[in-house]
There are 2 protein chains.
Amino acid sequence: MSKKKGEKKAKSGKKKELAALSAADLAPAITQAARSVRTALSRSISDSGLYAGQDGVILALSEDDGQTPGQLAARLGVKAPTMTRTIGRMEAQGFVERRADGHDGRLTKVHLTETGLKSVESIGQSVADCGAMAVRGFSEKEVRTLLKLLRAVEHNLQPEADED
Amino acid sequence: MSKKKGEKKAKSGKKKELAALSAADLAPAITQAARSVRTALSRSISDSGLYAGQDGVILALSEDDGQTPGQLAARLGVKAPTMTRTIGRMEAQGFVERRADGHDGRLTKVHLTETGLKSVESIGQSVADCGAMAVRGFSEKEVRTLLKLLRAVEHNLQPEADED
DNA sequence: TTCTCGCCCTTTTTCTTGCTCATCGGTCCT
DNA sequence: AGGACCGATGAGCAAGAAAAAGGGCGAGAA
């Protein structure tokens with residue numbers, strides 16, 4: 001175990017290489033961690049009848065009902081087509097419903113149904129439970145640090161937020 | 001595992017509640033961060049002709065050529081069927097090739113082709129570049145901390161690795 | 001005032017990854 | 001041999017992205 005590969009191609013011998021090696025390990029690490037979280041969350045919310053990715057829609061709607069698909073997509077960090085399909089699936093499942101906006105005919109408001117409303121608590125609990133399990137053994141400070149770094153990573157990767 | 005939810009998010013003003021709230025934010029945060037990483041990486045390696053998720057196969061094979069799909073799946077943290085399909089796609093793209101193992105007829109060894117071999121450097125560079133961009137502005141210690149916490153999260157979420 | 005063009009939002013389509021369940025084939029043990 | 005086991009693969013379902021189409025609203029021009 002701990003098969004440290006040490007050096008790779010050894011192009012340059014700068015100290016920056018150490019940082020680069022750590023950074024190179026970050027993409028796989030975050031990908032795998034996210035997969036684990038996604039899988040665990042998927043199991044937790046499967047008994048509520050929905051899939052991973054749908055929980056965010058429920059929770060976002062529970063805070064502000066009647067958002068448009070575009071708003072939901074921006075809020076959850078996915079693209080509009082993805083949100084459209086997710087909403088369609090959830091509408092077929094009976095969790096949400098689409099309503100045309102009276103003022104703007106091109107807008108579609110998404111509302112929670114009774115079923116969706118009743119699932120809010122369960123979903124929130126599942127998300128919190130999953131998160132709690134993920135940070136099991138973490139100190140308060142570590143959790144906050146992880147959150148902070150995660151958001152910083154996300155911010156660094158935003159194409160438009162490039163104020164550099 | 002304690003499926004007990006017990007307390008809600010309303011009463012009981014304990015310090016644990018704060019942790020629960022932070023933990024509840026973790027799942028969305030890590031999901032979004034991973035999406036950003038995945039998207040950025042996808043863009044970086046798209047000019048090499050492959051998609052997100054294929055980079056790990058190339059890099060894993062560049063370290064140990066001739067691994068089986070099962071080994072690759074375990075190494076990259078995905079399930080075997082996923083790896084089978086990814087390998088099939090990459091084989092069609094000409095990056096890898098399957099070879100039957102002489103000793104065990106049920107084993108399939110995956111090898112890099114010339115094209116795959118030539119893409120190794122580019123892929124590694126893209127992954128490192130993406131990681132570097134993700135941790136832009138981070139100190140060396142912060143990067144290491146993030147890596148450590150990410151791996152701890154992943155470890156916490158392993159169902160079988162429950163030595164608790 | 002009315003018509004038309006451009007823009008924004010939504011939706012559709014196509015591609016890939018990923019998981020779960022199920023199947024097939026080869027090995028190894030009994 | 002025959003059956004159990006392991007590894008690879010196939011089918012089905014869903015998320016997510018990019019490209020492109022459809023539709024309505026508003027602003028500008030005649």
Side-chain angles (χ1 to χ4, degrees), chain A residues 28 31-46 49-57 67-74 76-93 95 98-110 157 159, chain B residues 28 31-57 67-93 95-96 98-110 157 159:
Chain A
T31 301
Q32 253 175 301
R35 256 200 298 260
S36 300
V37 170
R38 178 197 178 91
T39 301
L41 186 56
S42 180
R43 289 179 195 273
S44 291
I45 65 178
S46 63
L50 27 83
Y51 306 90
Q54 298 182 342
D55 57 293
V57 179
Q67 295 183 68
T68 66
Q71 289 174 331
L72 286 169
L76 299 181
V78 300
K79 299 301 174 189
T82 301
M83 186 49 60
T84 293
R85 178 150 29 157
T86 298
I87 289 171
R89 186 70 62 178
M90 293 176 73
E91 189 172 25
Q93 290 171 295
F95 289 105
R98 275 185 251 234
R99 274 182 228 160
D101 184 81
H103 308 292
D104 286 349
R106 57 187 166 176
L107 294 183
T108 301
K109 300 290 195 65
V110 184
L157 260 31
Chain B
T31 301
Q32 253 174 299
R35 255 200 299 260
S36 299
V37 171
R38 179 196 177 91
T39 301
L41 187 56
S42 181
R43 290 179 197 271
S44 291
I45 64 179
S46 64
D47 42 270
S48 294
L50 28 82
Y51 304 89
Q54 297 183 341
D55 57 293
V57 179
Q67 295 184 69
T68 67
Q71 288 175 332
L72 286 169
R75 185 162 183 162
L76 300 181
V78 300
K79 300 301 176 187
T82 300
M83 186 51 58
T84 293
R85 185 159 20 160
T86 297
I87 289 170
R89 189 68 61 179
M90 293 176 74
E91 189 173 25
Q93 290 171 296
F95 289 104
V96 302
R98 275 185 252 234
R99 274 183 228 159
D101 185 82
H103 308 291
D104 286 350
R106 57 186 168 177
L107 294 184
T108 302
K109 300 289 195 68
V110 183
L157 261 29

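Everything numeric in this text was worked out from a predicted model, so none of it was measured. In what follows, every chain begins at residue 1, and chains take the letters A, B, ... in the order their sequences are listed.
Among the heavy atoms of the strands lying under 4.0 Å from A/Thr68 are primed sugar atoms or P, OP1, OP2 only; no base atom is included. Backbone-only contact: A/Pro69 has heavy atoms under 4.0 Å from sugar-phosphate atoms and none from a base. Nucleic acid contact class of A/Thr108 (heavy atoms, under 4.0 Å, all strands): sugar-phosphate only. Contacts of A/Arg85 with the nucleic acid, taken as non-hydrogen atoms under 4.0 Å apart, include base atoms.
Closest to the side chain of A/Arg106, from the set C/dG18, C/dC7, D/dT9, is C/dC7. If you check C/dT20, C/dT27, C/dT17 against the side chain of A/Arg43, the one that comes closest is C/dT20.
The CG-P distance, from B/Asp104 to D/dC5, rounds to 18 Å in whole Å. The distance from atom CZ of A/Arg35 to atom P of C/dG18 is 5 Å, rounded to the nearest whole Å. In this entry the distance linking CG of B/Leu72 with P of C/dG18 reads 12 Å, nearest Å. Distance, A/Arg99 CZ to C/dT10 P: 16 Å, rounded to whole Å. With rounding to whole Å, B/Lys79 atom NZ is found 16 Å from C/dA22 atom P. Atom pair B/Leu76:CG and C/dT17:P shows a separation of 12 Å (rounding to whole Å applied). Atom P of nucleotide D/dG24 and atom CG of A/Leu107 are separated by 12 Å, given to the nearest angstrom. In this structure, CZ of B/Arg89 is placed 14 Å from C1' of C/dG18, rounded to the nearest angstrom.
Distances shorter than 4.0 Å separate none of the side-chain N or O atoms of A/Arg38 from OP1 or OP2 on D/dA15. Between A/Tyr51 and D/dA14 there is a side-chain N or O to OP1 or OP2 distance below 4.0 Å. Contact annotation: A/Gln54 reaches the phosphate of D/dA15 (side-chain N/O to OP1 or OP2, under 4.0 Å). Note on A/Thr82: every side-chain N or O is 4.0 Å or more away from OP1 and OP2 of D/dA15.
A/Lys109 has its side chain within reach of A/Thr68: a pair of non-hydrogen atoms, C-beta onward, lies under 4.5 Å apart. Within the 4.5 Å cutoff, side-chain heavy atoms of B/Arg98 are placed close to those of B/Thr84. At least one side-chain heavy atom of A/Gln54 sits less than 4.5 Å from a side-chain heavy atom of A/Thr86. Looking at heavy atoms from C-beta onward, A/Glu91 lies out of side-chain contact with A/Val110 at the 4.5 angstrom threshold.
Judged by closest nucleotide on DNA chain C, A/Pro81 is the one of A/Pro81 and A/Thr31 placed further toward the 5' end.
For A/Leu50 against A/Gln93, the heavy-atom pair with the smallest separation is CA-NE2, 4.3 Å.
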